[in-house]
Asker: 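Okay, handing you the structure first.
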Amino acid sequence: MSFLRKLFGEPKAALDPSVFNDPVAEQIPWTPLKRGGTSFQTKKLNVISSGASGRAEFVITGGYKAFCFLFILFGMFIAAGVIGTVGFEDGSFVYAMLIPAGMGLIFSLTGFIIYYFSLTPIVFDKREGYFWKGRKSPSEVFNIDRIKHRMKLDDVHAIQLISERVSSNNGSYRSYEVNLVSSKGERVNVIDHGKLSTIREDADTLSKFLNVPVWDGI
């Protein structure tokens with residue numbers, strides 16, 4: 001048991017939702033809405049403007065950009081190094097070396113894909129009246145259902161914070177999740193990453209921006 005405590009930490013006490021003094025808190029699940037996560041911070045809240053037409057966005061952090069570019073550059077370095085040392089043999093590439101070169105290119109492509117999707121806008125816009133994830137706002141799409149992650153700001157009842165233990169081949173870590181909760185008990189995920197202090201700071205800022213409470217279940 002002592003070994004398990006060192007590996008996974010002390011068991012987390014079960015949350016009693018009644019502490020939030022709101023029946024909606026007792027109706028909603030307190031399990032992760034988005035499985036997985038990261039052990040480091042990936043997003044940071046940026047309040048662009050406040051007031052009746054205010055706008056706030058979660059943007060990628062410099063550290064996460066560096067993580068993506070390391071993927072890209074490392075893969076390119078491997079591919080360029082292998083191709084540069086292959087040369088020609090009887091007018092043909094040494095095909096056995098194309099496999100590691102291809103792996104390097106795949107590594108770079110993975111970095112590009114991660115970076116591209118990390119730039120997907122995560123927006124709270126009071127003028128639009130919506131929270132959404134996507135490159136098009138609700139007013140720019142013909143069918144609102146095309147935006148999977150969205151919620152009317154008037155429907156936001158609270159901000160839910162929960163955590164999840166994520167296990168990988170390299171060990172385990174906690175990832176923290178910010179969700180919006182509607183008065184009907186619907187949940188929509190906003191962000192999910194591994195820096196607790198920033199999660200709580202951003203949730204507090206968002207709480208003031210939307211004028212709704214934070215239900216901290218972490």
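In what follows, every heavy atom counts, from backbone to side chain, and hydrogens, waters and symmetry copies are set aside.
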Asker: I'd like to check the side-chain hydrogen bond (donor to acceptor under 3.5 Å, both in side chains) partners of Arg55; sequence neighbours left out, ordered by chain and number.
Answerer: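 By the side-chain hydrogen bond (donor to acceptor under 3.5 Å, both in side chains) rule, Arg55 matches Glu57, Asp125.
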Asker: Within the 4.5 Å heavy-atom criterion, are Tyr130 and Ile144 side-chain neighbours or not?
Answerer: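 They are in contact (side-chain heavy atoms under 4.5 Å apart), so the answer is yes.
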Asker: Using 30° and 60° as the class boundaries, would you call the ring planes of Phe124 and Phe209 parallel, tilted or perpendicular?
Answerer: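 Because their plane-to-plane angle is over 60°, the rings of Phe124 and Phe209 count as perpendicular.
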Asker: Is there a continuous path of hydrophobic side-chain contacts, each under 4.5 Å between heavy atoms, that joins Ile191 to Leu45?
Answerer: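 In one cluster: yes.
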Asker: Is the closest basic N to carboxylate O distance between Arg150 and Asp155 below 4.0 Å?
Answerer: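 So Arg150 does not pair with Asp155 through a salt bridge.
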Asker: Could you work out, with side chain to side chain contact (heavy atoms under 4.5 Å, CB included) as the rule, every residue matching Glu164, not counting sequence neighbours?
Answerer: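 Here the qualifying residues are Pro32, Arg35, Val166.
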Asker: Would you say Arg187's side chain and Ser182's backbone share a donor-acceptor pair under 3.5 angstrom?
Answerer: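 Checking the backbone N and O of Ser182 against the side chain of Arg187, no donor-acceptor pair under 3.5 Å is found.
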Asker: For Asp202, which residues count as a salt bridge (charged side-chain N to carboxylate O under 4.0 Å, His left out) partner, sequence neighbours excluded?
Answerer: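 Residues passing salt bridge (charged side-chain N to carboxylate O under 4.0 Å, His left out) with Asp202: Lys44.
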Asker: Got Leu153 and Leu210 here, is their nearest side-chain heavy-atom distance under 4.5 Å?
Answerer: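 They are in contact (side-chain heavy atoms under 4.5 Å apart), so the answer is yes.
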Asker: Taking only residues two or more places apart in sequence, or in another chain, which ones meet Lys133 in a side-chain hydrogen bond (donor to acceptor under 3.5 Å, both in side chains)?
Answerer: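 If we apply the side-chain hydrogen bond (donor to acceptor under 3.5 Å, both in side chains) test to Lys133, skipping adjacent residues, the hits are Asn189.
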Asker: In this structure, would Val156 and Ile147 fall into the same cluster of hydrophobic residues linked by side-chain contacts under 4.5 Å?
Answerer: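 Unlinked, Val156 and Ile147 end up in two clusters.
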Asker: Who passes side-chain hydrogen bond (donor to acceptor under 3.5 Å, both in side chains) against Arg146, sequence neighbours left out?
Answerer: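 Expected list: none.
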Asker: By the ring-ring contact (aromatic ring centres under 6.0 Å, His included) test, which pairs, at least two apart or in different chains, include something from residues 167-196?
Answerer: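 The answer is none; no pair qualifies.
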Asker: Determine whether Tyr115 and Phe67 satisfy the following criterion, ring pair (Phe, Tyr, Trp, His ring centres under 6.0 Å), listing intermediate values before the conclusion.
Answerer: CA-CA 9 Å; Tyr115 182 63; Phe67 171 79; over 10 Å; no
Asker: State whether Arg200 and Asp204 are salt-bridged, where the test is any N-O pair (Lys NZ or Arg NE/NH1/NH2 against Asp/Glu carboxylate O) under 4.0 Å.
Answerer: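 No, no charged N to carboxylate O under 4.0 Å.
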Asker: Side chain of Trp30, backbone of Gln160: donor and acceptor closer than 3.5 Å?
Answerer: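 Answer holds: no.
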Asker: Could you point out which residue of Ile114, Leu119, Ile113 forms a side chain to side chain contact (heavy atoms under 4.5 Å, CB included) with Phe117?
Answerer: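 Exactly one candidate clears the test, Ile113.
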Asker: If two hydrophobic side chains count as joined below 4.5 Å and joins carry through other members, does Leu206 share a cluster with Leu33?
Answerer: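 No, it is not one cluster - the side chains of Leu206 and Leu33 are not joined through contacts under 4.5 Å.
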Asker: Phe40 vs Tyr64 aromatic rings, parallel, tilted or perpendicular, using cut-offs 30° and 60°?
Answerer: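 Tilted: the ring planes of Phe40 and Tyr64 meet at 30° to 60°.
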